[in-house]
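As structure tokens, the structure follows; a few thoughts come after it.
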Amino acid sequence: MRMTRLVAKTLREAPSDAEAISHQLLVRAGFIRRISSGIYSYLPLGLRVLRKIEGIVRQEFDATGAQEVLLPTVQPIELWEETNRTVTMNDVLMRVEIRGGKFVLGPTHEEAVIATVTQDLASYRDLPATVYQIQTKFRDEARPRFGLLRTREFIMADAYSFDPSQEAMRASYKALYGAYVKVFDRLGVEYYPVEADAGSIGGDVNHEFMVPAAIGEDYFALCRDCGYKANIEAARRSRDFAPGTDVVAPMSEIYTGETPTVDSAIAIISKTRPEITAAAMIKSIVLKDEKGALALALVPGDRKVRIPPGYKPFEREDFADYDFLNLGFVGPMGMAERGIRVIADYSIVAGKAWTSGANKKDFHVLDAEAMRDFEIDEFGDLVVVQDGDACPNCSASMELVRSVEAGHTFQLGLYYSEKIASARFSGEDGADSMYYMGCYGIGISRLPAVVAEVSHDNAGLIWPITVSPYQVHLVAIAYGRDAAAAAVADELYASLQSHGVEVLFDDRDLGPGVKLNDADLLGIPIQVVVGPKGVTAGVADLKLRASGAKSDVPLGEVVERCKTTIAELLEVVPWKVGGRGAEFEA
RNA sequence: CGGGGAGUGGCGCAGCGGCAGCGUACCUGGUUUGGGACCAGGGGGUCGGGGGUUCAAAUCCCCCCUCCCCGACCA
């Protein structure tokens, strides 16, 4: 492609509303343009990057035997009512009403894929099967931000596996997980498949594919010793807490006044008992399960609580219904007698003096001991993991890594099949059976931004060759001014193309500084510069964008050198950690 | 949805009661061509929208819209 013809203009300055570096660079380099909040157009360069990423996904998904389909963007709302997701996904659903009735723009496609394949996967003989699509989706995100990283309209590659049994589902999951590892290896960015929280879907194992990035909205816990890694919502810490050895005084009450938070209570209490810190306090969080039964979660006062599965936090208004629950002064004492289940973090050990709310407004208790002054029905992993916590596998210190979620694989099991009557096939015995499903999503349109976010420098973008819009950026210095040099450049351009090299040719009549700076901004991995000086000497300058390494190449060898350099760059997986990826327990 | 900030030419910004400006980008001519050159000329803006105050509003007041940031939310 000749840049004089290319629909894109580089900008010296990014729009002021572009906050994320990836957003700024992608706009400045002419890859994308913002149309509305969270809604973007792709210019030719940006689309080529998308196509490269899609191509990688297609290859790796196809290699597992998955088959590409295309599901509708506009879906009848009845499909969504069947799974109750008109309610559970209400906030992101975009509804449209047309003559034909009520519809939604698909934010995801579980319902649609089941409706699509049910008659074609009607027998156990048709299973297993995996289909996938690369589709535009729409979610009315509460807050689109960071350019392409969080948008309302986005492109996703989503695969769905259908199996006759849980074991078969696990095999399908493993195959797709393997494809994901290959896809991310080829994208050339550092990534970690981490254990993830199943969310409301439930299901067995699921993984998120996380790319560490300063702008990331997610965190995962990483143990560099044993390789344990889990999303912060799913991460656990070691349960190895020995009982304390304090000589615990009898429990006593203390008037603390209007101190409904841990910090405010400690501020008062520490005046008389300076040794008592937030960590020595029990934070009691009131929960309710699906049936409305109450439970109490106990965590140390300096930690954030991780709500155990099956429970929801009590709403502020709910407290009015229970006079023994004083918001801000709740404690575990006497809860067993009231039939309230007490679940404690493993760190709430006996033999230690705890401070707690006294279940009485404006009062706390001191020197409460677990098992002596209050019962614990059950222990759980109830705290949100933080930097320095001990790894649950090997007890080494873990760190939290800030990252962007780039992909997510789920074992859905029967979650949707149970809700959708048509999700059935005839089993070997002739009876109706439900599909065991898996779903696998990669944020295609998020990835150019993810790559840009982790692969750039002060001069601009640095594309891995696998996703770069072009492989070679041919820069002609003094094109239109120096006939001899221009002729050489034209010849090189034609020659590279005829050898199958994807080449962007800067044939613009601009000063050399502009063109070289633009080449760095666009970030194509191999730059070839030809100008009057070099042509006189019989050489072109070949520069690798990533390393900045330059070398003079005789004009007659440029094409060959480009081809071998491309091959070398394709050979390298720029980032690879030993043991990462392949191993996991499905 | 709560809090904060901003809307002036494609992009970045100044102007803050008295003729709508600068840089960049764009067009024409000329000089220049190995790291964002220079000279001369030129085109382009309902100053986010509506209402009000005023002899006069980009500027002051009211309402609305949009965008950005922080938070809440995030199968």
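The chains referred to below are lettered A, B, ... by the order of the sequence lines, with proteins before strands, and numbering in each begins at 1. All values below come from the heavy atoms of this structure, side chains included, with hydrogens, waters and symmetry mates left out. It should be emphasised that the depicted structure is a prediction, and the values quoted were computed from it without experimental measurement.
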Rounded interatomic separation in angstrom, taking NZ from K550(A) and P from G35(B): 9 Å
G29(B) P sits how many Å from D509(A) CG, rounded? 12 Å
Looking at every strand, decide which applies to N517(A) at a 4.0 Å heavy-atom threshold: base, sugar-phosphate, or nothing. base
Complementary nucleotide of A6(B), counting Watson-Crick and G-U pairs under 3.5 Å: U66(B)
Using a cut-off of less than 4.0 Å, is there contact between a side-chain N or O of R145(A) and OP1 or OP2 of C69(B)? no
According to the interplanar angle, ranging from 0 to 90°, do the rings of F61(A) and Y132(A) count as parallel (below 30°), tilted (30 to 60°) or perpendicular (above 60°)? perpendicular
To the nearest Å, give me how far apart CZ (R143(A)) and C1' (C73(B)) are. 11 Å
Using the side-chain heavy atoms of D520(A), tell me which of these nucleotides is nearest: G35(B), G34(B), A75(B). G35(B)
How many Å lie between NZ on K304(A) and P on A72(B), as a whole number? 8 Å
Return the pairing partner of A56(B) with a 3.5 Å limit on both distances, Watson-Crick or G-U wobble; otherwise return none. none
Can you check the R12(A) CZ to A37(B) C1' distance for me, whole Å? 11 Å
Please determine, for C47(B), whether a Watson-Crick or G-U wobble partner exists with both distances under 3.5 Å, and give it or none. none
Looking at D302(A) and K283(A), is any side-chain nitrogen of the basic one under 4.0 Å from a carboxylate oxygen of the acidic one? no
Just N and O in the side chain of S16(A): are any of them under 4.0 Å from OP1 or OP2 of G12(B)? yes
Within this structure, what is the CD1-to-P distance between I477(A) and A37(B), rounded to whole angstrom? 12 Å
Taking only Lys NZ, Arg NE, NH1 and NH2, and the carboxylate oxygens of Asp or Glu, determine whether D507(A) and K515(A) approach each other closer than 4.0 Å. no
Answer for the Watson-Crick or wobble partner of A37(B), both distances under 3.5 Å, is U31(B)
When the ring centroid of Y479(A) is compared with that of Y493(A), is the distance short of 6.0 Å? no
